[in-house]
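Residues: numbered from 1 along the sequence shown.
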Amino acid sequence: MTLVLSGFEDIHIIKEMPRKPSRCRQSSRHLPLAYSPFFRTVAQVASYCKANHQIHESTFHKKSSPNAAGKRSINHILEEKSEESESSDEDSSEMVAQADFAFFDPKPDDFHGVKVLLQMFLDNKLWDLSGFVDLILGQTTVGTVVKIEDDEDNGVFTFITALNLGRYKGYKCIMELKEFLLGVGLEKDVKDALRLLLGEEAQNVGLLVSQRVVNLPPQLLPPLYDALFDEISWATEDEPTEECRSSFCFKFFLLISRIYKHKNADQRNGRRGDIDEAIIYVKPEDEIFHKLSLWSFSFPLHTEHVATHEANSR
């Protein structure tokens with residue numbers, strides 16, 4: 001049996017919902033319920049289930065030391081063991097790989113690593129990607145990059161940030177991003193709602209951007225999202241001007257994610273279960289975002305990373 005998968009961009013709009021503040025003192029900010037411990041646990045379980053490799057043993061050491069901007073530095077040590085056998089007649093060998101993952105503030109040295117992860121962010125569109133990366137790296141109080149500690153290559157394994165679409169509306173990369181989203185052939189009602197969100201409501205919208213390498217250990221994801229929403233909360237109190245503080249008072253989050261659909265996904269009798277099974281989420285947490293979103297839409301990609309998977313029918 002041959003399964004043909006088609007690539008799509010999936011856009012989610014999530015409304016801000018209350019969450020208990022992460023600091024001890026009373027905070028005027030409320031964070032999305034989507035990032036409560038319950039939902040983070042669900043996301044972690046989903047990541048475990050869909051991971052391509054089995055992690056037999058993992059150990060974490062976490063330390064937090066806020067600096068003047070309220071930023072945390074979190075170190076994670078992951079030890080992974082896997083068994084491989086060259087043949088059934090040979091004894092299996094054990095491979096041990098250890099990596100010390102550290103959470104860092106974005107900085108200019110991360111430009112190349114972040115840009116590589118964003119290559120297909122807007123499908124095959126030619127746009128000011130370098131300017132977009134500069135925005136991400138220039139927002140140091142809200143945003144995190146994950147690298148291997150003391151790695152000479154300084155490679156970026158994942159990053160996460162939230163950019164206010166109103167605050168950066170005059171930048172070429174943001175204008176091109178809005179133009180791209182509004183030009184993907186949407187139905188009129190969807191396009192009108194999106195135009196309102198990207199225009200009049202832009203000051204209340206955070207573009208949540210999170211990209212990573214395929215085989216990133218899933219245990220890093222919950223603390224990564226924790227760090228982002230803690231920083232957003234702190235920024236509403238600690239930024240030097242009222243304008244900066246208010247720019248992090250998001251009412252909505254906009255997410256652009258990648259999914260794959262089976263070729264005949266839209267013709268599966270219209271049953272919800274069949275439709276869900278026909279969708280493959282590149283990042284497992286995107287399935288949760290999709291279910292929590294106020295509304296969403298998808299459109300086909302021009303670039304295809306996954307074309308055909310073959311499986312033996314039984």
Side-chain angles (χ1 to χ4, degrees), residues 8-19 28-35 39 118 121-129 131-132 135-136 139 142-143 160-211 225 228-229 232-233 235-236 239 241-259 266 275 279 281 283 285-302:
F8 289 79
E9 291 277 21
D10 205 23
I11 312 299
H12 313 300
I13 292 83
I14 300 177
K15 184 174 177 60
E16 226 255 2
M17 292 178 291
R19 175 193 164 192
S28 60
R29 282 283 295 138
H30 296 286
L31 304 184
L33 180 63
Y35 300 95
F39 278 107
L118 285 168
F121 186 63
L122 295 186
D123 196 14
N124 63 348
K125 178 179 175 61
L126 296 177
W127 66 302
D128 186 19
L129 177 57
F132 190 62
L135 280 187
I136 292 172
Q139 185 174 276
V142 173
I160 192 169
T161 192
L163 302 174
N164 185 295
L165 293 182
R167 179 180 180 181
Y168 299 116
K169 64 181 179 180
Y171 287 79
K172 181 181 178 182
C173 58
I174 298 299
M175 291 188 287
E176 290 177 335
L177 182 145
K178 293 179 180 180
E179 178 186 2
F180 171 78
L181 293 177
L182 291 170
V184 294
L186 303 174
E187 296 180 359
K188 185 180 183 305
D189 57 340
V190 176
K191 190 170 184 176
D192 289 344
L194 182 62
R195 183 179 285 110
L196 176 65
L197 195 73
L198 300 179
E200 296 178 19
E201 290 285 347
Q203 190 63 35
N204 300 317
V205 179
L207 176 66
L208 201 161
V209 186
S210 176
Q211 298 291 98
Y225 281 102
L228 175 69
F229 285 91
I232 291 175
S233 178
T236 63
E239 287 294 286
T241 67
E242 177 59 31
E243 182 181 2
C244 288
R245 290 191 292 271
S246 63
S247 70
F248 291 103
C249 295
F250 301 121
K251 293 181 180 178
F252 306 96
F253 289 100
L254 174 68
L255 290 86
I256 303 175
S257 61
R258 181 161 299 209
I259 62 173
D266 296 329
I275 294 175
I279 298 176
Y281 294 88
K283 295 184 292 184
E285 68 269 25
D286 286 344
E287 182 174 3
I288 298 174
F289 295 146
H290 193 177
K291 293 178 179 179
L292 291 170
S293 62
L294 287 175
W295 52 279
S296 65
F297 62 89
S298 61
F299 54 90
L301 296 171
H302 294 91

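Interatomic distance, SG of Cys173 versus CG of Leu118, reported as 10.5 Å (0.5 Å rounding). With rounding to the nearest 0.5 angstrom, the NZ atom of Lys191 is 6.5 Å from the CG atom of Leu182. Atom CG in Leu254 sits 12.5 Å away from atom CD in Glu201 (nearest 0.5 Å). Distance NE2/His12 to CG/Leu294: 12.5 Å, rounded to 0.5 Å. The distance from atom CG of Leu186 to atom OG of Ser298, rounded to the nearest 0.5 Å, is 9.5 Å. Atom-to-atom distance recorded for Phe248:CZ and Gln139:CD is 4.0 Å, nearest 0.5 angstrom.
Leu165 places a side-chain heavy atom less than 4.5 Å from the side chain of Leu198. Within the 4.5 Å cutoff, no side-chain heavy atoms of Phe289 are placed close to those of Lys283. Side-chain contact between Ile232 and Phe253 is present, with at least one heavy-atom pair separated by less than 4.5 Å. Counting heavy atoms from C-beta outward, Lys291 and Ile288 have side chains that stay 4.5 Å or more apart. Looking at heavy atoms from C-beta onward, Ile11 lies out of side-chain contact with Val184 at the 4.5 angstrom threshold. No side-chain heavy atom of Ile259 sits less than 4.5 Å from a side-chain heavy atom of His290. When side chains are defined from C-beta on, Ser246 does not count as touching Glu239, because their heavy atoms never get closer than 4.5 Å. Between Phe299 and Asp123, every side-chain heavy-atom pair lies at or beyond the 4.5 Å cut-off.
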request  = Give the C-alpha distance, both sets of side-chain angles, the deciding distance and a yes or no for side-chain contact (heavy atoms from CB on, under 4.5 Å) between Phe121 and Leu129.
outcome  = CA-CA 9 Å; Phe121 186 63; Leu129 177 57; 5.6 Å; no
task = Kindly indicate, with the supporting measurements, whether the criterion side-chain contact (heavy atoms from CB on, under 4.5 Å) is fulfilled by Thr161 and Leu135.
result = CA-CA 10 Å; Thr161 192; Leu135 280 187; over 6 Å; no
message = Evaluate Asp10 against Asp286 for side-chain contact (heavy atoms from CB on, under 4.5 Å), listing each step before the verdict.
response = CA-CA 9 Å; Asp10 205 23; Asp286 286 344; over 6 Å; no
task = Show your reasoning for whether side-chain contact (heavy atoms from CB on, under 4.5 Å) applies to Leu208 and Ile14.
result = CA-CA 10 Å; Leu208 201 161; Ile14 300 177; over 6 Å; no
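Closest of all the heavy-atom pairs between Leu228 and Ala162 is CD1-N, 4.1 Å. Residue Asn164 comes nearest to Ala202 through the heavy atom pair OD1-O, 3.6 Å, listed as atom of the first residue, atom of the second, then distance.
One N or O on the side chain of Glu176 and one on the backbone of Asp128 form a donor-acceptor pair closer than 3.5 Å.
For Glu243, the CD atom is loosely surrounded, since the number of other residues' heavy atoms within 6.0 Å does not exceed 12.
Using cut-offs of 30° and 60° for the angle between ring planes, the Phe132 and Trp127 rings count as tilted. Below 30°, between 30° and 60°, or above 60°: for Tyr171 and Tyr168 the angle between ring planes is above 60°, a perpendicular geometry.
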